[in-house]
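The block underneath contains the structure these notes are about, expressed in structure tokens.
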Protein chains: 2
Amino acid sequence: MRFITIEPGIFMQKFQPLIDYINRIVSLTEEEEKLLVSHISYRKLRKGQYFLQQGDICKFSGFIVSGCTKTFYVDDEGQEHVIMFAVEDWWTSDMGSYIAQKPADYNVQCLENTELIQFSYEEQDLIMREIPKLERFFRIIVEKAFVASQKRIVRNFSMSAKDRYLYFSSQYPQMEQRIPQYMIASYLGITKEFLSKIKRQLLLDQ
Amino acid sequence: MRFITIEPGIFMQKFQPLIDYINRIVSLTEEEEKLLVSHISYRKLRKGQYFLQQGDICKFSGFIVSGCTKTFYVDDEGQEHVIMFAVEDWWTSDMGSYIAQKPADYNVQCLENTELIQFSYEEQDLIMREIPKLERFFRIIVEKAFVASQKRIVRNFSMSAKDRYLYFSSQYPQMEQRIPQYMIASYLGITKEFLSKIKRQLLLDQ
DNA sequence: AAAATATGTTAAACTAGATTAACATTTATT
DNA sequence: AATAAATGTTAATCTAGTTTAACATATTTT
């Protein structure tokens with residue numbers, strides 16, 4: 001394993017998933033990897049803990065090493081709306097709050113014990129200035145996130161609830177196993193009762 | 001006016017709206033501005049013309065100087081779904097097609113005679129490498145676009161059609177004047193008949 | 001000015017999905 | 001093993017928004 005030859009010990013090891021992820025998009029030198037590591041931190045959260053609470057300022061952006069989070073919004077009537085889930089190799093934060101350093105609209109809560117690598121807003125800004133390749137990296141991943149978000153808007157308008165569910169379960173089969181059905185219903189923008197009905201209908205169909 | 005003192009003639013002038021827009025986020029030196037200008041082009045399109053057609057590869061990303069475009073998707077049943085509008089100082093393209101250089105999912109059509117400044121995919125990549133400040137600029141504007149997109153998803157799930165319309169008309173009063181109502185209905189994800197009903201109801205209310 | 005095209009309205013019948021409420025099953029806690 | 005808490009199901013009733021179809025009004029084009 002590469003980290004052993006660079007620098008023994010567990011130091012590099014725990015950041016390796018992020019480094020691998022970044023190197024798939026831009027390639028960092030060993031010096032850059034070390035500099036990066038000096039600006040990030042590792043964090044373990046238990047099931048149920050909040051990475052971010054609505055109203056707080058989002059200080060960190062997190063890259064998930066293991067576990068699962070849900071991002072949700074509680075409206076004036078107290079209704080929860082799930083905005084997204086994140087699993088291994090995904091990013092989580094309230095980007096709007098993070099980039100403007102204003103109170104968050106969303107909560108980020110762990111659905112499982114979760115380990116993540118986090119950037120603080122200041123450190124991320126610093127490191128992007130120190131390593132322009134990382135500025136490039138973040139531009140590229142935000143572009144991808146934006147494209148995915150636009151596609152989701154289109155799906156929400158052009159597909160029925162049943163088709164959105166089928167799309168979700170084919171795209172993210174791992175998530176379907178790990179996440180309670182009522183949260184998936186909320187993510188799809190429907191009630192848990194209606195998702196239950198859809199699933200029964202699909203079972204009867206074949 | 002500044003462009004006259006740098007270099008007389010209309011050369012800088014027509015790119016000035018973009019330069020001003022960029023300088024609000026990062027500040028370019030005069031050399032950088034000149035380098036930028038050498039990589040972009042100006043284009044006039046007439047009402048009805050397409051900036052991009054579904055299935056083509058999106059070669060350009062456009063910054064609108066004057067006019068208005070709609071981005072829309074035609075589904076298998078031939079139904080049009082408006083994804084977004086863009087007016088002065090907004091960007092338009094099919095980002096998914098542009099970044100991957102794959103066939104576009106969407107059409108971009110001019111609703112008015114439109115003048116825009118365009119970047120080709122290759123030139124934009126080049127210029128971001130030449131001027132890291134522009135890499136930063138694009139990261140920042142895509143972050144903002146992503147935040148706006150996420151907020152739209154939340155609004156679509158948590159607000160009624162009437163409230164989405166009220167939000168749209170308060171946020172973009174200029175657009176409401178310029179854009180036919182049936183296209184606004186499509187953008188809001190409802191039928192033109194239902195938007196008509198909502199507007200009548202709002203009139204009766206006061 | 002007339003005809004054609006694009007845009008907007010109204011109303012009746014319909015449907016996808018919400019609401020309510022009772023019950024069933026699984027998982028965690030004591 | 002028993003109880004509590006979380007998750008999932010079913011069915012009846014309801015409603016926000018769709019569909020269809022006919023008509024009305026602007027705006028272009030000839």
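Computed over heavy atoms, backbone and side chain alike; hydrogens, waters and symmetry mates excluded. Just so you know, these numbers come straight off a predicted model, no measurement behind them. Order of the sequence lines sets the chain letters (A, B, ...), proteins ahead of strands, with each chain counted from 1.
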Item to complete: If a protein heavy atom is under 4.0 Å from the base, mark B; if only from the sugar-phosphate, S; if neither, -; do that for nucleotides 19-25 of chain C going 5' to 3'.
Response: BBB----
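Nucleotide D:dT15 holds its C1' atom 16 Å from the CD1 atom of B:Ile190, rounded to whole Å. Protein atom CG of B:Leu188 is 13 Å distant from nucleotide atom C1' of D:dG17, rounded to whole Å. Spacing between atom CD of B:Gln201 and atom C1' of D:dA16 amounts to 13 Å, rounded to whole angstrom units. Between B:Tyr165 atom OH and D:dA16 atom C1' the separation is 18 Å, expressed in whole Å. Rounded to a whole Å, the CD atom of B:Glu112 is 14 Å from the P atom of D:dT27. Going from atom NZ of A:Lys70 over to atom C1' of D:dT7 covers 13 Å, rounded to whole Å. Atom NZ of B:Lys199 and atom P of C:dT10 are 12 Å apart (whole Å). Here D:dA6 presents its C1' atom at 13 Å from CD of A:Glu80, a figure rounded to the nearest Å.
Of the candidates D:dG8, D:dG17, D:dA11, the closest approach to any side-chain atom of A:Arg200 belongs to D:dA11. Picking from C:dT7, C:dT9, C:dT10 the nucleotide with the shortest atom distance to the side chain of B:Gln181 gives C:dT9. Of all nucleotides listed (D:dT18, D:dT7, C:dG17), D:dT7 comes nearest to the side chain of A:Pro180. The side chain of A:Ser196 approaches D:dT9 more closely than any other nucleotide in the set C:dT7, D:dT9, C:dT10. Taking only side-chain atoms of A:Ala161, from C-beta outward, the nucleotide of C:dG17, C:dA11, D:dA11 with the closest atom is C:dG17.
With A:Gln118 contributing its side chain and A:Gly62 its backbone, the two residues share no donor-acceptor pair below 3.5 Å. Of the possible polar contacts, one joining the B:Glu88 side chain to the B:Gly67 backbone as a donor-acceptor pair under 3.5 Å is found. Here the side chain of B:Gln54 pairs a donor or acceptor atom with the backbone of B:Val74 at under 3.5 angstrom.
The side-chain heavy atoms of A:Tyr187 and A:Arg152, taken from C-beta on, include a pair separated by under 4.5 Å.
Shown here are the side chain to side chain contact (heavy atoms under 4.5 Å, CB included) partners of A:Lys162, two or more places apart in sequence or in another chain: A:Ser160, A:Leu166, A:Ile198, A:Leu202, A:Asp205. Applying the side chain to side chain donor-acceptor pair (under 3.5 Å) criterion to B:Asp125, with sequence neighbours excluded, gives A:Arg136, B:Arg129. Applying the side chain to side chain contact (heavy atoms under 4.5 Å, CB included) rule to A:Thr191 yields the partners A:Glu193, A:Phe194; only residues at least two apart in sequence or on another chain are considered.
Taking the six-membered ring for Trp and thresholds of 30 and 60 degrees, A:Trp90 and A:Tyr172 have ring planes more than 60 degrees apart, a perpendicular arrangement.
Residue B:Gly48 is classed as having no contact, given no heavy-atom separation below 4.0 Å to the nucleic acid.
Taking 4.0 angstrom as the limit, A:Arg164 places a side-chain polar atom (N or O) nearer than this to OP1 or OP2 of C:dG17. Contact annotation: A:Tyr182 reaches the phosphate of D:dT7 (side-chain N/O to OP1 or OP2, under 4.0 Å).
Taking the nucleotide of DNA chain C with the nearest heavy atom to each of A:Lys47 and B:Leu195, the more 5' of the two is matched to B:Leu195.
Taking the six-membered ring for Trp, B:Phe138 and B:Phe119 have ring centres closer than 6.0 Å.
In the helix from C:dA1-D:dT30 to C:dT30-D:dA1, the rotation axis of the first five pairs and that of the last five pairs differ in direction by 50°, rounded to 10 degrees.
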Quiz: residues 98-106 of chain B side-chain donor-acceptor pairs under 3.5 angstrom, not counting sequence neighbours:
residue, atom, partner, partner atom, Å
B:Tyr98, OH, B:Ser120, O, 3.3
B:Tyr98, OH, B:Gln124, OE1, 2.5
B:Gln101, NE2, B:Cys58, O, 3.0
B:Gln101, NE2, B:Tyr98, O, 3.0

